[in-house]
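Protein chains get the first letters and strands the later ones, always in sequence-line order, with residue 1 at the start of each. Remember, it's a predicted structure, so these values are computed and weren't measured experimentally.
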Amino acid sequence: MSSQLSQGSLEIIMNGGHYDKPIMQVLGSKKIQGSGANERFRLLVSDGKHSHSFAMLATQLNDKLITGELSDYSVVQIDRFVTSLLKNTGKGEKRVMIILDITIIKPGSEVGKKLGNPQTWTEETAASAPAQTTMQPAPKVAALPTQSANQVTSMDTSSLASQMTHPIASLSPYQNKWVIKARVMSKSPLRTWSNAKGEGKLFSMDLCDESGEIRATAFRNECDKFFDMIQVDKVYYISRCQLKTANKQFTSLKNDYEMTFNADTVVSECQDDASSVPTIKYDFVPINEIADKATDSLLDVIGVCRAAADVQELTARSTGKLLKKREVTVVDSTGGAVSLTLWGNEAENFDGSTNPVVAAKGARLTEFNGSKSLSCLASTMIRLNPDLPEAHKLRGWYDNGGDKMDVVNISARTGTYGGGSNEWITFSEAEAKQLGSGDKGDYYSMLGVLTFTFTDNAVYKACPQEQCNKKLVDQENGLFRCEKCNREYPNFKYRLLLGANVSDPTGDQRITAFNESAEAMIGKSSADIGRMFEYDKTGYTALFEDIKFRTFVFKFRTKMETYSDEARLKTIVVSAQPVDYKDGNARLLKSIKAVTGVEV
DNA sequence: CCCCCCCC
């Protein structure tokens with residue numbers, strides 16, 4: 001019975017030797033860390049002669065355990081593995097085996113029992129064998145079979161390359177003597193920061209090898225030292241970094257840790273054959289499953305670009321920065337479609353005319369008024385027509401009728417949730433939907449009447465800087481001071497900030513209209529209104545009397561805010577347009593029909 | 001030590 005197992009292979013492997021594709025039995029598994037996509041499992045395996053529990057499953061194989069495919073008593077062939085000697089474990093050195101590829105020869109349900117009578121393999125068992133160290137000189141390594149790509153086989157003069165490397169999956173903060181051989185999947189631009197704690201610069205890179213992936217960040221001095229050297233797609237030997245727990249909010253990489261370069265960090269480019277180090281690792285989510293994922297999570301997705309909108313320019317509300325975006329709709333053979341938003345240069349340079357396959361790693365799932373879409377972050381990797389099996393499959397599918405498939409677009413904005421669509425709702429409906437209670441604020445459109453305007457401070461002298469609209473302090477000496485820019489100006493620009501009440505048949509709402517929307521409502525430029533405020537008070541007052549009781553199609557952004565312990569809705573006019581009564585009547589007829597069921 | 005990543 002136990003003869004089908006590779007008896008004695010465990011002993012060889014645990015002593016640092018190699019055994020080609022050993023056949024073992026799984027006797028148990030245990031989760032040792034993490035959760036969700038980042039959990040890691042330890043296996044108890046037996047070769048019929050010995051058993052040991054220092055085998056770890058590379059995270060990309062987790063599914064086999066979770067789905068039950070890799071059940072206890074399964075007989076498996078370990079197609080690919082690496083071993084790593086852990087130090088500082090409290091009990092001296094300990095070798096772990098990381099399983100990279102596995103074939104299930106016989107499922108546990110068919111085997112149903114432990115094969116043979118394996119004895120627990122201990123470090124004492126190992127003591128009888130020649131001692132192995134973590135840092136093996138090249139000749140010794142070269143003497144081993146080269147099944148594992150993580151072993152350097154050539155006689156390299158570089159001191160780093162002459163050592164045995166460690167799989168990324170084995171790195172942890174509890175162990176600092178390691179060298180990894182990793183490919184750079186992506187590299188961020190150099191960025192500076194400045195906050196209460198200080199300022200500095202940094203860049204980060206995402207690294208991978210056969211066993212896993214990890215993010216590394218370099219700060220300040222290390223930026224100067226390594227930024228130019230690190231190039232995407234190249235393979236490097238890296239050692240001596242600090243390891244710390246990764247914040248999952250900012251990375252989709254499957255690793256519980258991330259690395260920080262420090263003064264001791266050594267990086268050298270791998271000059272020999274690195275073709276076995278993978279280029280990039282994806283965990284693609286089928287498009288029809290994206291909507292089930294948590295908002296704000298980072299996902300990998302691949303699809304064919306079915307449509308690409310034009311580049312849109314907009315100004316970021318929070319920073320005043322000018323932004324460029326392009327929405328690309330991607331589809332896959334699941335019949336799902338999702339919008340992927342590209343930013344900046346990526347948005348400008350994108351060409352969707354040839355319907356390229358788009359692969360994104362680490363795109364953020366965002367929700368806007370009930371529909372979900374993906375948005376690229378600075379750390380998102382986008383590749384067009386990548387040389388991946390999934391991409392070739394999609395190409396074939398799309399070019400052979402897939403383009404004509406009916407799709408469900410999870411980013412479609414019509415219908416579902418009154419607010420975000422073009423649908424008009426009432427104040428009482430907005431209240432019933434509790435619009436404004438979320439973190440991000442909600443948008444809705446409605447037909448409303450302007451019933452009152454607060455005219456006293458509707459116009460103010462604002463900072464003349466392009467993106468700064470801060471109210472200036474009159475220094476009474478011909479100069480105006482901007483507290484935000486921290487400087488004085490001889491000039492200013494007029495801007496509007498109009499408080500008003502809007503009513504509809506169901507209620508009323510205090511609203512605020514900033515410059516552009518207030519100009520649209522009044523029908524005059526802020527410069528003209530400012531001049532009237534200074535030199536023609538009667539005309540100024542008349543402007544606001546004129547617009548009182550006028551009806552507009554308003555688009556509002558509303559959000560609950562707290563002022564001195566009191567929560568109230570802050571509702572801002574995104575746009576105010578005159579009513580197109582033909583459209584208004586069509587909407588009215590439609591809602592009459594919806595309410596009464598009568599064709600009108 | 002960053003962690004901002006935008007808009008409808």
Side-chain angles (χ1 to χ4, degrees), chain A residues 186-206 215-223 227 241-253 258-263 265 296-298 309-329 339-347 360 362-382 411-414 416-423 435 438-445 467 516-517 554-559 572-575:
Chain A
S186 70
K187 167 186 160 184
S188 80
L190 201 59
R191 187 166 67 84
T192 58
W193 85 87
S194 172
N195 60 27
K197 287 184 216 156
E199 53 184 60
K201 57 181 171 181
L202 72 129
F203 78 99
S204 63
M205 70 209 83
D206 290 345
R215 175 162 296 173
T217 307
F219 292 94
R220 297 174 198 186
N221 291 342
E222 285 71 59
C223 287
F227 185 78
C241 299
Q242 183 195 328
L243 273 121
K244 58 171 192 171
T245 306
N247 187 338
K248 291 294 162 190
Q249 209 183 327
F250 305 114
T251 168
S252 65
L253 298 195
E258 59 187 29
M259 321 197 306
T260 304
F261 281 15
N262 59 34
T265 297
D296 289 337
S297 55
L298 298 172
D310 291 335
V311 172
Q312 258 179 281
E313 288 198 3
L314 53 106
T315 308
R317 212 189 313 139
S318 50
T319 59
K321 247 199 295 183
L322 190 67
L323 305 170
K324 287 185 176 146
K325 72 153 187 178
R326 189 198 295 270
E327 285 189 15
V328 172
T329 302
S339 169
L340 175 69
T341 305
L342 309 178
W343 298 93
N345 288 338
E346 239 158 25
R364 175 178 284 173
L365 181 61
T366 65
E367 189 184 339
F368 179 70
N369 281 333
S371 78
K372 300 204 177 188
S373 62
L374 295 167
S375 184
C376 289
L377 310 178
S379 57
T380 306
M381 280 177 257
I382 294 287
S411 311
R413 256 179 232 149
T414 46
T416 52
Y417 197 73
S421 70
N422 292 319
E423 196 186 329
L435 296 187
D439 295 340
K440 287 185 80 174
D442 292 303
Y443 292 78
Y444 66 99
S445 298
Q467 297 300 346
E516 287 72 17
S517 54
F554 288 105
K555 183 159 206 173
F556 292 128
R557 182 176 68 242
T558 190
K559 188 177 181 310
I572 287 170
V573 181
V574 176
S575 69

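- Under a 3.5 Å cut-off, the side chain of A:Lys187 and the backbone N or O of A:Phe227 do form a donor-acceptor pair.
- Between the side-chain ring of A:Trp193 and the base of B:dC2, no stacking contact exists by the 5.5 Å and 30° definition.
- Between the side chain of A:Glu258 and the base of B:dC3, a donor-acceptor pair under 3.5 Å is found.
- Here the side chain of A:Arg326 pairs a donor or acceptor atom with the backbone of A:Ala309 at under 3.5 angstrom.
- Taking 4.0 angstrom as the limit, A:Arg364 places a side-chain polar atom (N or O) nearer than this to OP1 or OP2 of B:dC6.
- Side-chain contact between A:Thr265 and A:Met259 is absent, with no heavy atoms from C-beta onward closer than 4.5 Å.
- Taking only distance into account, the side chain of A:Arg557 never meets the base of B:dC8 through a donor-acceptor pair shorter than 3.5 Å.
- Taking side-chain N and O atoms only, A:Arg191 has a distance below 4.0 Å to OP1 or OP2 of B:dC3.
- Base engagement by A:Lys244 is indicated by at least one non-hydrogen atom pair under 4.0 Å involving a base atom.
- With hydrogens and angles disregarded, a donor-acceptor distance shorter than 3.5 Å links the side chain of A:Arg215 to the backbone of A:Phe250.
- As a whole-Å value, the separation of A:Asp296 CG from B:dC3 P is 17 Å.
- Across the protein-nucleic acid pair, A:Leu202 atom CG and B:dC4 atom P stand 12 Å apart, rounded to whole Å.
- For B:dC6, the OP1/OP2 oxygens have a side-chain nitrogen or oxygen of A:Ser375 closer than 4.0 Å.
- Counting any heavy atom pair closer than 4.0 Å across all strands shown, A:Glu346 reaches no nucleic acid atom.
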